[in-house]
Amino acid sequence: MSIAADVRDLIATEQLGPHTLLPSERELAEQHGVSRMTARQALSLLESEGAVYRKPPRGTFVAEPRVRFHVGSFSEEVARMGRRPAARLLWAAHQIASPAVRRALDLDDGAAVHVFHRLRSVDGVPFAIETTYLPAELTPGILDVTDDGSLWAMLRSRYGVDLARSTAVLESIVLDDATSAQLGVRAGSAGTLLTRNTVDSDGRCVEYARDVYRADRVAFEVSEALHSHRLSAV
């Protein structure tokens, strides 16, 4: 749609800053020579993309730009951008690992894990629900520690773990009612599921995580070195 494309361009070139009030549906329709229904659909598309937000009856406003993450520690990534990360513990438990978790962490049958279920925020705004699984044998006493920050930092400082590599898979999902309420968005909003495995310098998997992000506030940046043998195959 030309309306949506035009608004995206104005936002990208910073001609429309965050929280700027957009023209009304009627005004957009008149400016572009289309019906109000078409203008409404364009605004709905932009809202679903997280580019704008609506505050009835005041109108439609430009959203703040997404926070761009690399795959890694939430706390460290947010701090790198000069913003304030926070974690609110929803629950934590010592559990026998389920088959899926056992397979992800390469644990023996009957092995236990420590699980943290946390609400993560940036500058006080809810961004993600994290569920993190750590091998219980590796992390004795971790449930007794008041946690309000980086579990990676705790693995390094308290348990001497040398983190080496983290691999993640990103999937687009629809947020359920409970998660939407926790993240402060409408039920059925778009989300991003990040499933992550982290290994140490010995190749041992020390963390498995399933993190649900609100898609309107987060983008992920991925880069990889292109080796000559890969390029030659293209």
Side-chain angles (χ1 to χ4, degrees), residues 69-80 85-121 126-180 182-183 191-215 218 220-225 227 230:
F69 285 84
H70 297 93
V71 172
S73 164
F74 184 99
S75 296
E76 292 172 11
E77 280 294 296
V78 174
R80 175 182 61 81
R88 179 162 67 88
L89 184 64
L90 302 177
W91 56 264
H94 176 96
Q95 298 177 349
I96 300 300
S98 68
V101 172
R102 191 170 66 241
R103 182 168 57 253
L105 288 170
D106 194 23
L107 299 175
D108 295 331
D109 289 353
V113 290
H114 291 137
V115 190
F116 290 85
H117 190 64
R118 306 185 300 169
L119 174 66
R120 305 308 308 267
S121 62
F127 264 57
I129 300 291
E130 291 183 346
T131 307
T132 306
Y133 302 85
L134 307 171
E137 185 178 18
L138 176 69
T139 55
I142 197 170
L143 296 180
D144 300 326
V145 180
T146 300
D147 173 66
D148 59 359
S150 171
L151 289 175
W152 278 18
M154 195 180 303
L155 286 174
R156 293 187 185 106
S157 62
R158 183 182 175 96
Y159 299 99
V161 176
D162 182 20
L163 300 173
R165 186 180 74 257
S166 191
T167 304
V169 175
L170 300 172
E171 302 174 69
S172 297
I173 61 171
V174 174
L175 301 178
D176 60 30
D177 291 353
T179 303
S180 298
Q182 289 171 316
L183 293 177
T192 300
L193 170 64
L194 183 150
T195 306
R196 183 179 68 236
N197 292 78
T198 304
V199 301
D200 66 8
S201 55
D202 294 324
R204 171 184 55 175
C205 188
V206 297
E207 178 206 44
Y208 171 62
R210 288 177 59 85
D211 306 335
V212 177
Y213 289 81
R214 44 186 293 186
V218 173
F220 288 92
E221 182 175 332
V222 180
S223 62
E224 183 175 358
H227 300 296
R230 292 182 182 173

Output for pair (Leu134 CG, His114 NE2), nearest 0.5 Å, gives 8.5 Å
Can you run down the side chain to side chain donor-acceptor pair (under 3.5 Å) pairs that involve residues 99-111, sequence neighbours left out, and say none if there aren't any? Arg102-Asp109
If I compare all heavy atoms of Ser121 with all of Phe74, which pair ends up nearest, and what's the gap? O-CE2, 3.5 Å
May I have the step-by-step check of side-chain contact (heavy atoms from CB on, under 4.5 Å) for Leu183 and Leu119, ending in yes or no? CA-CA 8 Å; Leu183 293 177; Leu119 174 66; 3.9 Å; yes
Separation between CD (Gln182) and CZ (Arg88), nearest 0.5 Å, reads 7.5 Å
Which residues pass the ring pair (Phe, Tyr, Trp, His ring centres under 6.0 Å) test with Tyr213, sequence neighbours left out? Phe69, Phe220
Taking salt bridge (charged side-chain N to carboxylate O under 4.0 Å, His left out) as the test, write out the residues that go with Glu76, two or more places apart. Arg156
Please report the shortest heavy-atom distance between Val145 and Met154, naming the atom on each side. CG1-CE, 3.8 Å
Between Asn197 and Ala104 (side chain of the first, backbone of the second, donor and acceptor by atom type, cut-off under 3.5 Å), is there such a pair? yes
Quick one: closest heavy-atom pair of Ile96 and Gly110, and the distance? CD1-O, 3.6 Å
Would you say the side chain of Val115 lies within less than 4.5 Å of the side chain of Val101, judging by non-hydrogen atoms? no
Tell me the salt bridge (charged side-chain N to carboxylate O under 4.0 Å, His left out) pairs involving residues 196-206, sequence neighbours left out? Arg196-Glu207, Arg196-Asp211, Asp200-Arg204
To the closest 0.5 Å, what do you measure between CH2 (Trp91) and CZ (Phe116)? 10.5 Å
Taking every heavy atom of Ser75 against every heavy atom of Pro85, the minimum-distance pair comes out as O-CG, 3.7 Å
Please report the interatomic distance OG1(Thr192) to CZ(Arg214), rounded to the nearest 0.5 Å. 11.5 Å
Minimal non-hydrogen separation, Leu105 against Cys205, with atom names: CD2-SG, 3.6 Å
Leu151 side, atom CG; Thr139 side, atom OG1 - distance, nearest 0.5 Å: 9.5 Å
Measure the spacing between CZ of Arg210 and CG of Leu194 and express it to the nearest 0.5 Å. 10.0 Å
Looking at Pro135 and Leu107, what are the two nearest heavy atoms and their distance? CB-CD2, 4.2 Å
Extract all donor-acceptor atom pairs below 3.5 Å that involve side chains of residues 158-167 and protein atoms in other chains or at least two apart in sequence.
{"unit_1": "Tyr159", "atom_1": "OH", "unit_2": "Pro140", "atom_2": "O", "d": "2.7"}
{"unit_1": "Tyr159", "atom_1": "OH", "unit_2": "Ile142", "atom_2": "N", "d": "3.2"}
{"unit_1": "Asp162", "atom_1": "OD2", "unit_2": "Ser201", "atom_2": "OG", "d": "3.0"}
{"unit_1": "Ser166", "atom_1": "OG", "unit_2": "Thr198", "atom_2": "OG1", "d": "3.1"}

Restricting to salt bridge (charged side-chain N to carboxylate O under 4.0 Å, His left out), what partner residues turn up for Glu130, sequence neighbours left out? Arg118, Arg120
